[in-house]
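The figures that follow rest on heavy atoms only: side chains count, while hydrogens, waters and symmetry mates do not.
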Amino acid sequence: MPAGSEPAGLRLPRTWRPLGPRIAGAVAAGVLVLMMVFLWIGFDDQTRASVTPFQRGTVVALGLLIGSAILALARCRAVASQDGLLVVNGYRSRTYDWAQIIAVRMPPGAPWVTLDLTDGTTASVMAIQSSDGQRARVAVRELRALVDRPDAPRDR
């Protein structure tokens with residue numbers, strides 16, 4: 001994509017991230033940590049002494065598992081650049097050339113954006129989630145404008 005060919009008001013690189021899941025994840029992680037700390041403090045000395053290292057390890061492992069799931073949701077993003085679109089969903093990332101993307105869809109009731117690709121498959125973009133409301137609608141319009149540019153190369 002030549003310099004200066006971005007849709008009006010949209011500068012590249014442009015990054016989209018989900019707001020609602022990031023806030024919910026941060027709140028859930030904070031509540032979980034506070035709950036465990038207050039629960040531990042609330043135990044009497046005899047109860048704390050009776051907790052085995054295996055039990056402590058189980059609680060720590062469960063906390064790490066929940067934390068990794070929250071982190072996976074929080075790190076979702078889509079980055080539009082001159083070369084294409086980088087999509088990070090959880091711990092997996094994929095880069096699409098602009099020529100690979102045919103359409104950007106988010107029908108009513110869909111949880112997130114779906115890309116239609118030239119090979120006949122689709123790809124989810126969890127970075128733009130319908131739960132974000134107007135913010136998501138603006139992001140879909142921006143992404144569509146980038147995909148539908150007249151100067152965008154096409155493999156169709």
Side-chain angles (χ1 to χ4, degrees), residues 1-39 56-156:
M1 172 169 41
S5 66
E6 300 91 17
L10 186 61
R11 296 190 161 236
L12 296 181
R14 171 77 165 97
T15 302
W16 296 279
R17 294 178 185 273
L19 180 63
R22 294 175 79 202
I23 291 171
V27 169
V31 167
L32 185 62
V33 168
L34 284 175
M35 183 180 69
M36 297 308 287
V37 167
F38 284 126
L39 185 63
R56 288 181 188 180
T58 301
V59 170
V60 169
L62 184 60
L64 291 173
L65 182 65
I66 292 169
S68 68
I70 290 171
L71 179 62
L73 289 174
R75 70 186 303 268
C76 290
R77 68 183 180 278
V79 181
S81 67
Q82 299 288 346
D83 300 326
L85 183 67
L86 168 69
V87 176
V88 178
N89 291 334
Y91 292 107
R92 178 177 248 181
S93 65
R94 174 88 193 262
T95 302
Y96 301 99
D97 293 329
W98 291 115
Q100 288 180 274
I101 304 170
I102 296 172
V104 177
R105 295 183 300 111
M106 189 167 70
W112 45 69
V113 164
T114 302
L115 302 176
D116 290 331
L117 304 175
T118 54
D119 64 1
T121 62
T122 60
S124 297
V125 181
M126 294 174 63
I128 303 173
Q129 298 199 4
S130 60
S131 62
D132 285 340
Q134 182 62 29
R135 177 186 166 107
R137 287 187 288 277
V138 168
V140 168
R141 279 194 299 272
E142 291 173 347
L143 189 52
R144 279 183 184 149
L146 288 169
V147 169
D148 294 338
R149 295 182 322 276
D151 64 326
R154 293 286 174 240
D155 285 344
R156 297 180 201 172

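Of all the heavy atoms in W98 and S81, the pair that sits closest is NE1-O, 2.9 Å. Looking at every heavy atom in both residues, C76 comes nearest to M126 through SG-CB, 4.0 Å.
Not one N or O on the side chain of D116 forms a donor-acceptor pair closer than 3.5 Å with the backbone of I102. Distance alone, capped at 3.5 Å, places no donor-acceptor pair between the D97 side chain and the A99 backbone. Y96 contributes no side-chain N or O that, together with a main-chain N or O of V87, makes up a donor-acceptor pair within less than 3.5 Å.
Note that the CZ atom of R144 and the CZ atom of R105 stand 9.5 Å from one another [nearest 0.5 Å]. Atoms OG and CD, on S124 and Q129 in that order, are 10.5 Å from each other to the nearest 0.5 Å. To the nearest 0.5 Å, the span separating CZ on R17 from CZ on R22 amounts to 5.0 Å. Distance CG/L12 to CG/D83: 10.0 Å, rounded to 0.5 Å.
Between V125 and W112, every side-chain heavy-atom pair lies at or beyond the 4.5 Å cut-off. Inter-residue side-chain proximity for L32 and I70 is flagged as unmet; no heavy-atom pair is nearer than 4.5 Å. Side-chain atoms of I128 and V104, non-hydrogen and from C-beta on, never get closer than 4.5 Å to each other. Within the 4.5 Å cutoff, side-chain heavy atoms of S130 are placed close to those of M106. Here the side chains of R135 and W16 are not in contact, with every heavy-atom distance at 4.5 Å or above. Between L86 and S93, some side-chain heavy-atom pair lies under the 4.5 Å cut-off.
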Inset, instruction - For side chain to side chain contact (heavy atoms under 4.5 Å, CB included), just list the numbers for R56 and V60, CA-CA rounded to whole Å, side-chain angles, deciding distance to a tenth of an Å, and then say yes or no. - result: CA-CA 6 Å; R56 288 181 188 180; V60 169; 5.5 Å; no

Legend entry - Residues N89, R94; criterion side chain to side chain contact (heavy atoms under 4.5 Å, CB included); working and verdict: CA-CA 9 Å; N89 291 334; R94 174 88 193 262; over 6 Å; no

Legend entry - Chi angles and distances behind the side chain to side chain contact (heavy atoms under 4.5 Å, CB included) call for L85, L115: CA-CA 11 Å; L85 183 67; L115 302 176; 3.8 Å; yes

Legend entry - Test log, rule side chain to side chain contact (heavy atoms under 4.5 Å, CB included), inputs I101 and L146: CA-CA 10 Å; I101 304 170; L146 288 169; over 6 Å; no

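Sparse packing is recorded around CZ of F38, with 12 or fewer heavy atoms of other residues, nucleotides or ligands lying under 6.0 Å away.
D119 and T121 share a donor-acceptor pair across their side chains, judged by distance under 3.5 Å alone.
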